[in-house]
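Report on one structure; see the data block that follows.
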2 protein chains.
Amino acid sequence: MNVTQTPFGLKLGAFMNLTVEESAELSQLHSRRKKFAHGTDMIYQGQPKQAAYVLASGWACSYRLLSGGERQIISFNIPGDFLGMRSMMAHNTDHNIEPVTRAEASEVLAADLSQTFKNSPRFTAAMLWAISRDEAILMEHLVGIGRRDAKERTAHLLLELHARLKLVKMTSSSSFACPLTQYLLGDALGLSAVHVNRVLRELREDGLVTFQHGEVEFQDLKGLIALADFDSDYLDQNGVLLN
Amino acid sequence: MNVTQTPFGLKLGAFMNLTVEESAELSQLHSRRKKFAHGTDMIYQGQPKQAAYVLASGWACSYRLLSGGERQIISFNIPGDFLGMRSMMAHNTDHNIEPVTRAEASEVLAADLSQTFKNSPRFTAAMLWAISRDEAILMEHLVGIGRRDAKERTAHLLLELHARLKLVKMTSSSSFACPLTQYLLGDALGLSAVHVNRVLRELREDGLVTFQHGEVEFQDLKGLIALADFDSDYLDQNGVLLN
DNA sequence: TTGCTGTTTTGATGTGGATCAATGTTATCC
DNA sequence: GGATAACATTGATCCACATCAAAACAGCAA
């Protein structure tokens, strides 16, 4: 299979066109495939070997648990995302990553990665781009929790997921399959699951989006974008989407 | 001056010992010095040239403005921090960085940086470490805003700043100089300045910390750490601090 | 000394979202 | 067909923090 058509390839393609050699290099990284079932952590505190993964299929989420038992989901991960850069670089891993659905991922060894960095400066740049983009997503998430109310926040997240999934060709024009429960949404949005439910109902009643039976459908995309004050620039993929 | 004693050198030193050659390489990056006054943005939306900086002295903060006029401070930056990685990699800059005090920073050109990456894989790793660490700080911030109450959050931020400043030798054992206003704290913590004031008073009355006249003083460090549920692991600098 | 400007402090009142407690829905398995 | 489990929905009550308003204070310029 052509690597440029994998989710990871599609994503990096938003930053630059991959040469034949780079595609080959990428295939290497992409070889050691692993499967994860719902309920088993992919990355966790105190794990023996520092590993990183490229998510090939399925969704995951990274989260932190507080001593009081509450949890905060840091980010949702979709196919093409690179997981665990931090657990590879840092001496302690302080957050967990668990699959939301069944998931497949390619394990990336630190040695291989640094070899690839050496071989291809352009690939290095692309990885830095991907990392910065993840950071931008995190920032936007922070802004949402800090300064947007529950409705705006929820709308924003749905719009973001739509845009990100679009990049890896996992959407139809105005809907996408979404395996997240209201509990997961709550843990990500800093809301109770109960309140997430109310917010989703309001959005539905306003004729903006519906989220039912694992499917998010946008009824009024413009209205939703206005409500959420959503500007996709931070995802840095507009050039690609316009093509 | 020995680069290893600059804040940036001290910080990277937490990850690895710099060789003589690496120090030289680092000095190169560190040469084009610029000054910034309070009130002029260092990095802003739509700026002509993509630049990055290493903060040499003074404090800064990066923030996002919402259409409603509210702002969310993403992070506070102290000497040794690398600023603007994202504005260098991405096609659009979506957040601003402004100095909190007068500040000096070394401008880093994209070309120089990628050259340095090519020359020194170890430096590349150190930069990735620094980036991951920034991401971890951001995550912790997110967790705080999402799941901690105002008092815990405030305490946590003060403890984090103390630990980070320690790494670049800008603290005394139980206090540090802090140029932040209560408005800035509020914008970072997702609180109103009024509420920040009340929280600071409570912390003072509890005999935990005082923050007055630009000086943060810890009265009961253990108590504060317990209150904030603070675990410095995420800063990945414990090994260094123990030496 | 007198402002002027930015910052801190305190009080009174209002609200978004948490929490508690049920009930409804759907899927799965026997 | 009933039992069980996971998830979604709705109502009632409460509190942490926002918002509004005003005063006290510090630093600085003239």
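In the text below, chain A, chain B and the rest are named by the order of the sequence lines, each starting its count at 1. What you see is a predicted model; the values in this text were computed from it and never measured.
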Subject >> Carboxylate-amine/guanidinium proximity below 4.0 Å for R71(B) and E98(B) >> reply: yes
**OP:** Find the distance L189(A):CG to dG17(C):C1' and express it as a whole number of Å.
**Re:** 13 Å
Original post:
dA8(D) phosphate, OP1 or OP2: any side-chain N/O from N197(A) under 4.0 angstrom?
Top reply: no
Original post:
Between atom CD in E152(A) and atom C1' in dG17(C), what is the gap in whole Å?
Top reply: 14 Å
Original post:
Can you give one letter per nucleotide of nucleotides 11-29 of chain D, going 5' to 3': B for a protein heavy atom under 4.0 Å from the base, S for sugar-phosphate only, - for none?
Top reply: BB----BSBB---------
Original post:
Between I73(A) and R64(A), is a side-chain contact (heavy atoms from CB on, under 4.5 Å) present by the stated rule, with each step listed?
Top reply: CA-CA 6 Å; I73(A) 290 180; R64(A) 280 255 347 237; over 6 Å; no
Original post:
Among side-chain atoms of H30(A) and S106(A), is any donor-acceptor pair under 3.5 angstrom?
Top reply: yes
Subject >> Separation of dT7(C) C1' from Q182(B) CD (nearest whole Å) >> reply: 8 Å
Subject >> ring pair (Phe, Tyr, Trp, His ring centres under 6.0 Å) assessment of F218(B) paired with F211(B) >> reply: CA-CA 9 Å; F218(B) 298 103; F211(B) 179 10; over 10 Å; no
**OP:** Please state how far atom CD in Q212(A) lies from atom C1' in dG24(C), giving the value in whole angstrom units.
**Re:** 14 Å
**OP:** Nearest whole angstrom, please: distance from the P of dA8(D) to the CD of E215(A).
**Re:** 15 Å
**OP:** Check for a donor-acceptor pair, side chain of D206(A) on one end and backbone N or O of L208(A) on the other, with a separation under 3.5 Å.
**Re:** no
Subject >> Check ion pair R164(A)-E160(A) (N to O, under 4.0 angstrom) >> reply: yes
**OP:** Grab the CG-C1' distance between L180(B) and dT7(C) for me, whole Å please.
**Re:** 13 Å
